[in-house]
Amino acid sequence: MLTFADIIGHNRIKEHLQSGIRNGKVNHAYIFEGDDGIGKMMCAMAFATALQCREGGIEPCGHCISCMQMASGNQPDVSFVTHEKSIISVDDIRSQLCTPVTVKPYAGPYRIFIVDEAEKMNEQAQNALLKTLEEPPEYAIILLLTNNRNAFLQTILSRAVVLEFLPVADSELIPFLMEKAHIPDYRARLAAAFAGGSPGKALACADSEDFQREKDTAVSLMQNLPDMSEERMAFTAKNLVAKKEELEDILELMQVWFRDLLYLKAAGKKATLMFAQEESILQAQANRISYEGIRGLQEELQKLRDKRKANVTPEPAVWLMLYGMKECFR
């Protein structure tokens, strides 16, 4: 069973929700906006559990029947809107929210509906939801979880409290990863940097063999790039393109490498590195490249990402990126 205390970061949001529970001033609709893995669902679950708790506190008690039902996934007054297609259709919203919301709670004080990936609602689904939001039953609470509030109709935005989930600071995320994943600090720093403040993503990286393999690929690439032959460059470009789903992660790790280069060049031995185990390689490259060269590396990486968004043939684009990066070390 989740409590607010289990959620790392997002203190402002937790305080806002707990204040509403304490004062009996809970809104009928909330929009939780933030990146995937940032903690939106955890917060929604903690909020729903506390609202239905028989003890009536700002944290779930953990032992009442409602809390036990939440822990087992069988709380009858908390529902999740699901969908099988790439969109959330009007039928999904009507059958799983608009119709059930007219039925009073079975046991608790509220009927709570959680809509994950709510940005996937099409316009018809949003209009159906809007009718409920315009005249919600007193007991209804609707939580819309999304990574893009701009996908919603303005009329829905105007009827909901929007809470923005910001990246969790490294100062909180790194100790969390060390404790939860039982990893050393240098691995926790790299996972945190890669995840961009998303606890879910960072924890997945910390436990992932795939992530370790991607990290090794990025390190090998960056170590060899300054002196790479054109033949080797073509071979490397082909291999990177073949990785498909891993390529974006490798590019993100390269960006972290550039960050370390910049920090090391500016702060020297005092720099806190994400690639701590590769400090000697980074130091040698920092001695070899200028600040302008590091900016050039970042620009070449961004060029490739722009081309990928435009569906440019990947292999030549990757080769051009590698060639441009190598030139930055001259």
Side-chain angles (χ1 to χ4, degrees), residues 1-34 36-83 95-118 132-133 136-146 160-163 165 168 172-173 175-177 179-181 198-200 202-204 207:
M1 183 200 69
L2 279 169
T3 70
F4 286 110
D6 295 321
I7 300 169
I8 179 175
H10 312 307
N11 292 332
R12 179 185 59 82
I13 290 174
K14 291 187 288 186
E15 289 169 4
H16 174 89
L17 296 174
Q18 289 181 310
S19 176
I21 297 171
R22 181 188 299 111
N23 299 321
K25 295 182 178 180
V26 179
N27 202 274
H28 285 295
Y30 292 85
I31 293 172
F32 291 2
E33 182 191 41
D36 294 342
I38 203 75
K40 304 187 299 291
M41 180 58 77
M42 290 183 70
C43 210
M45 291 292 290
F47 188 37
T49 307
L51 284 168
Q52 302 289 44
C53 178
R54 300 294 174 85
E55 295 293 324
I58 61 173
E59 280 280 19
C61 71
H63 54 75
C64 72
I65 185 170
S66 178
C67 286
M68 290 189 287
Q69 287 173 331
M70 283 295 294
S72 64
N74 294 310
Q75 220 290 351
D77 294 320
V78 178
S79 303
F80 296 85
V81 175
T82 61
H83 60 99
S95 63
Q96 298 180 59
L97 196 158
C98 297
T99 298
V101 79
T102 61
V103 179
K104 291 183 177 181
Y106 294 100
Y110 301 103
R111 287 296 307 271
I112 301 172
F113 296 86
I114 300 173
V115 187
D116 197 14
E117 298 182 312
T132 297
L133 294 181
E138 183 180 351
Y139 50 78
I141 297 175
I142 299 169
L143 307 178
L144 304 176
L145 281 52
T146 182
V161 174
V162 179
L163 299 176
F165 285 68
V168 176
E172 292 184 88
L173 191 50
F176 166 78
L177 290 173
E179 179 183 349
K180 288 289 185 180
S198 167
L203 199 55
D207 289 334

message: I'd like to know if the side chain of Asn27 reaches the main chain of Ala29, judged simply by a donor and an acceptor atom lying under 3.5 Å from each other, with no hydrogens or angles considered.
response: yes
message: Rounded to the nearest 0.5 Å, what separates atom CD in Gln52 from atom OH in Tyr110?
response: 8.5 Å
- prompt: How many angstroms lie between CD1 in Ile13 and CD1 in Ile7, if you round to the nearest 0.5 Å?
  reply: 9.5 Å
- prompt: Less than 4.5 Å apart, any side-chain heavy atom of Ser198 and any of Val168?
  reply: no
task: Could you walk me through whether Ile31 and Leu163 pass the side chain to side chain contact (heavy atoms under 4.5 Å, CB included) test, one step at a time?
output: CA-CA 6 Å; Ile31 293 172; Leu163 299 176; over 6 Å; no
field: Asp6 to Met42 - nearest heavy-atom pair and separation
entry: O-CE, 4.0 Å
- request: Classify the ring geometry between Tyr30 and His16 as parallel (under 30°), tilted (30 to 60°) or perpendicular (over 60°).
  value: perpendicular
- line: The reported gap from CG in Asn74 to CD in Gln69 (rounded to nearest 0.5 angstrom) is 7.5 Å
- request: Determine the minimum heavy-atom distance between Ala48 and Met70, stating which atoms define it.
  value: CB-CE, 4.2 Å
field: Distance (rounded to the nearest 0.5 Å) between Phe32 CZ and Leu144 CG
entry: 9.5 Å
message: Show, in sequence, the C-alpha distance, side-chain angles and deciding distance for His83 and Glu117, and conclude whether the side-chain hydrogen bond (donor to acceptor under 3.5 Å, both in side chains) test is met.
response: CA-CA 10 Å; His83 60 99; Glu117 298 182 312; 3.2 Å; yes
task: Apply the test side chain to side chain contact (heavy atoms under 4.5 Å, CB included) to residues Val115 and Leu97: give CA-CA distance (whole Å), side-chain angles for both, the deciding distance (0.1 Å), then the verdict.
output: CA-CA 9 Å; Val115 187; Leu97 196 158; 4.0 Å; yes
query: Do His28 and Leu133 have side chains that get closer than 4.5 Å, going by heavy atoms?
result: no
message: Would the distance check show the side chain of Ser19 and the main-chain N or O of Glu15 forming a donor-acceptor pair, the cut-off being under 3.5 Å?
response: no
Check: Leu17 and Phe4 side chains under 4.5 Å, non-hydrogen atoms: yes
- prompt: Could you give the distance from SG (Cys67) to CG (Leu2), rounded to the nearest 0.5 Å?
  reply: 11.5 Å
- prompt: Just by distance, do the side chain of Thr99 and the backbone of Ser95 share a donor-acceptor pair under 3.5 Å?
  reply: no
- prompt: Does the side chain to side chain contact (heavy atoms under 4.5 Å, CB included) test come out yes or no for Glu59 and Gln18, once each step is laid out?
  reply: CA-CA 8 Å; Glu59 280 280 19; Gln18 289 181 310; 3.8 Å; yes
field: Min side-chain heavy-atom separation Glu33-Phe165 under 4.5 Å
entry: no
task: Taking all heavy atoms of Ala46 and all of Thr3, pick out the closest pair and write down the distance.
output: CB-C, 3.7 Å
field: Matching residue for Ser66 among Glu55, Gln75, Arg54 - test: side chain to side chain donor-acceptor pair (under 3.5 Å)
entry: Gln75
task: Measure across Asp77 and Ala107 and return the closest heavy-atom pair with its distance rounded to 0.1 Å.
output: OD2-N, 3.0 Å
field: Option from Ser79, Pro76, Pro137, Pro136 for which side chain to side chain contact (heavy atoms under 4.5 Å, CB included) with Arg111 holds
entry: Ser79
statement: Between Asp207 and Ala181 the two heavy atoms that sit nearest each other are OD1-CB, 3.6 Å
message: So, taking the atom named CD1 in Ile114 and the one named OG1 in Thr82, what distance separates them when rounded to the nearest 0.5 Å?
response: 12.5 Å
field: N/O donor-acceptor pair under 3.5 Å between Lys14 side chain and Gly9 backbone
entry: yes
Ring centroid separation Phe113 to Phe80 under 6.0 Å: no
query: Would Leu51 and Val26 count as a side chain to side chain contact (heavy atoms under 4.5 Å, CB included) if you check the C-alpha gap in whole Å, the side-chain angles of each, and the deciding distance to 0.1 Å?
result: CA-CA 9 Å; Leu51 284 168; Val26 179; 3.8 Å; yes
- prompt: What are the two closest heavy atoms between Thr132 and Cys98, and how far apart are they?
  reply: OG1-SG, 3.6 Å
